[in-house]
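Structure first, commentary second.
Throughout, a chain's letter reflects where its sequence line sits, starting with A, and its residues are numbered from 1.
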2 protein chains.
Amino acid sequence: MRNRSPERSPADGPLSVRDRHAAIHHQIRQRICLLSYPPGTRLSETSLASEFGTSRTPVRRVLARLEDEGLVQSVHGVGTIVTDADIGALEQVYHLRVELTGLMGRLDPVVPDVAFVERFERLVTRGREIIDTGTPHEFTRFDMDVFQTLLQLTANIPLRAVLERLYYQTKRIWLQAAIEAHLDLKEEFRIFHHELEALLQALRSNDIEAAAHIQRAHISMSFKRLQQNS
Amino acid sequence: MRNRSPERSPADGPLSVRDRHAAIHHQIRQRICLLSYPPGTRLSETSLASEFGTSRTPVRRVLARLEDEGLVQSVHGVGTIVTDADIGALEQVYHLRVELTGLMGRLDPVVPDVAFVERFERLVTRGREIIDTGTPHEFTRFDMDVFQTLLQLTANIPLRAVLERLYYQTKRIWLQAAIEAHLDLKEEFRIFHHELEALLQALRSNDIEAAAHIQRAHISMSFKRLQQNS
DNA sequence: GTGTGACCAGTTGTACACATCTTTGCATGC
DNA sequence: GCATGCAAAGATGTGTACAACTGGTCACAC
């Protein structure tokens, strides 16, 4: 059997259908979660289509998926609106995320190899630089990179999928609420960086369960701080 | 504020867009999970469209959602194929389901009221009748009803959504594998019915955590029996 | 000034024609 | 008899025109 995509180079011109879909999905999700499209924004299928150089049809499929993921909601005759969330709904998702993150250490944990630890060390270094100069936008983007990396500590595919779904549901709401509550974002950076150093220690000891519990505690405390200030 | 769907009676003619979508989605998902469309079946958008009295467009949206849920996979030029799963992938989903089911007792548990207990009692009675006369089809349908009912024991909406997703991913594969492994389905009925009676006891005592642990143990043992016979 | 009703611009939902791709079966050369 | 190529059928993906619907604006009666 040959490759499913014949004569495909890594940096080739015509992407497959799935790749095009994934690219548009990733782009729009990033904009929503980085608050380029804050909650309440009305997205236009037509303008998105012209921006991505395609027709409305593929854009509509992406928006339908984002609707299933809870990030937007389409209303006939009105538009496709970026969803908002009250603190109550956010709390439910956070509680679930806390428990599922704790599960990462027990469900098919992956012992990190040298390359993984080095990659994580680079992340810690990059985080140290961001503490002083970082904008909320850069901080969130950094947080996403860390999350995607740590996701590889479990080989349980469905668990990964669920965690990713819940992460993108909460991150943007947290960011917006943190800004509105005048949370000290620089202080949040610092706390996050401490967590990363603790995680690095755990990873060097190949202790996935400890790493999972550190993340779990971080998520829980992060939400508690938000609740206290709002 | 008035109803989102003005002048809507329970049995009214013109359904809203969301309802039509939900109806088609439910129908096709039922057929997949009841093995009317066994794994490998090629679904045709055109014939589904004519059956539901619509065009391909709404059907395509439903199939896209089912693809995101992992139940089908669309391949350009070939068709939309009902997915299969090997025992390894199934094991990962089962492990996750076991843990999440255990969480139901701790994340926003709902104390069952009298109406709920009565509804469950009727389910137990219905189950007793099915033990002798039931076909695999009826058994699975009954299992779905029980699952949907027990889902209401937690008020955590995201947890419900995740559990439902994982349930429909595994149920049909379990059923197919159970038939192929020549598992004694009548014996499985009986064990399931014992579980229901134990659950009824727990519900009467308002002990949601016990109910969650009973379900958890049931799911775990059910999969173990399957593994031993395959 | 105010309430009311009709129109209009803009949006999502649907239907359909066409493009692109895969499979399959058959004809043809050897 | 067999391999090979080609064409045709049928599937999903895409583009586009139109239907259905909403929110706002503006003219007009009172």
Next item on the list: Under the side chain to side chain donor-acceptor pair (under 3.5 Å) rule, collect the residues that match up with A:R60, sequence neighbours excluded.
Entry: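 Listed in chain order: A:E45.
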
Could you tell me how far apart [X] ([atom1]) and [N] ([atom2]) are, to the nearest whole angstrom?
{"X": "B:L48", "N": "D:dA11", "atom1": "CG", "atom2": "P", "result": "11 Å"}
{"X": "A:H21", "N": "D:dT14", "atom1": "NE2", "atom2": "P", "result": "10 Å"}
{"X": "B:I81", "N": "D:dG10", "atom1": "CD1", "atom2": "P", "result": "17 Å"}
{"X": "A:R61", "N": "C:dT14", "atom1": "CZ", "atom2": "P", "result": "16 Å"}
{"X": "B:E67", "N": "D:dT12", "atom1": "CD", "atom2": "C1'", "result": "11 Å"}

Note to self: So if I define the base as every atom that isn't primed, P, OP1 or OP2, how would nucleotides 5-12 of chain C read as a B/S/- string at a heavy-atom cutoff under 4.0 Å?
What the structure shows: -----BBB

For [X], check salt bridge (charged side-chain N to carboxylate O under 4.0 Å, His left out) against everything at least two apart and list the hits.
{"X": "B:D145", "result": "B:R126"}
{"X": "A:D108", "result": "none"}
{"X": "B:R97", "result": "none"}
{"X": "A:E91", "result": "none"}

Margin query: Roughly what angle, to 10°, lies between the helix axis at the start of the helix from C:dG1-D:dC30 to C:dC30-D:dG1 and the one at its end, five pairs per end?
Written below: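 So the angle between the two local helix axes works out to 20°.
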
Next item on the list: Considering only NZ, NE, NH1 and NH2 on the basic side and carboxylate oxygens on the acidic side, decide whether B:E69 and B:R29 come within less than 4.0 Å.
Entry: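 Between B:R29 and B:E69 there is no salt bridge, as every charged N stays at least 4.0 Å from the carboxylate O atoms.
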
Check: Any N or O donor-acceptor pair linking the side chain of A:T57 to the base of D:dG15 at under 3.5 Å?
Finding: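 In this structure, the two groups form a donor-acceptor pair.
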
Checklist line | By ring-ring contact (aromatic ring centres under 6.0 Å, His included) - contacts of A:F223 (at least two apart) | finding: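 Testing A:F223 for ring-ring contact (aromatic ring centres under 6.0 Å, His included), a comparison that skips the adjacent residues, returns A:Y94.
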
Checklist line | Test ring-ring contact (aromatic ring centres under 6.0 Å, His included) applied to A:H218 - qualifying residues, sequence neighbours left out | finding: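 Checked A:H218 against ring-ring contact (aromatic ring centres under 6.0 Å, His included); matches are A:F192.
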
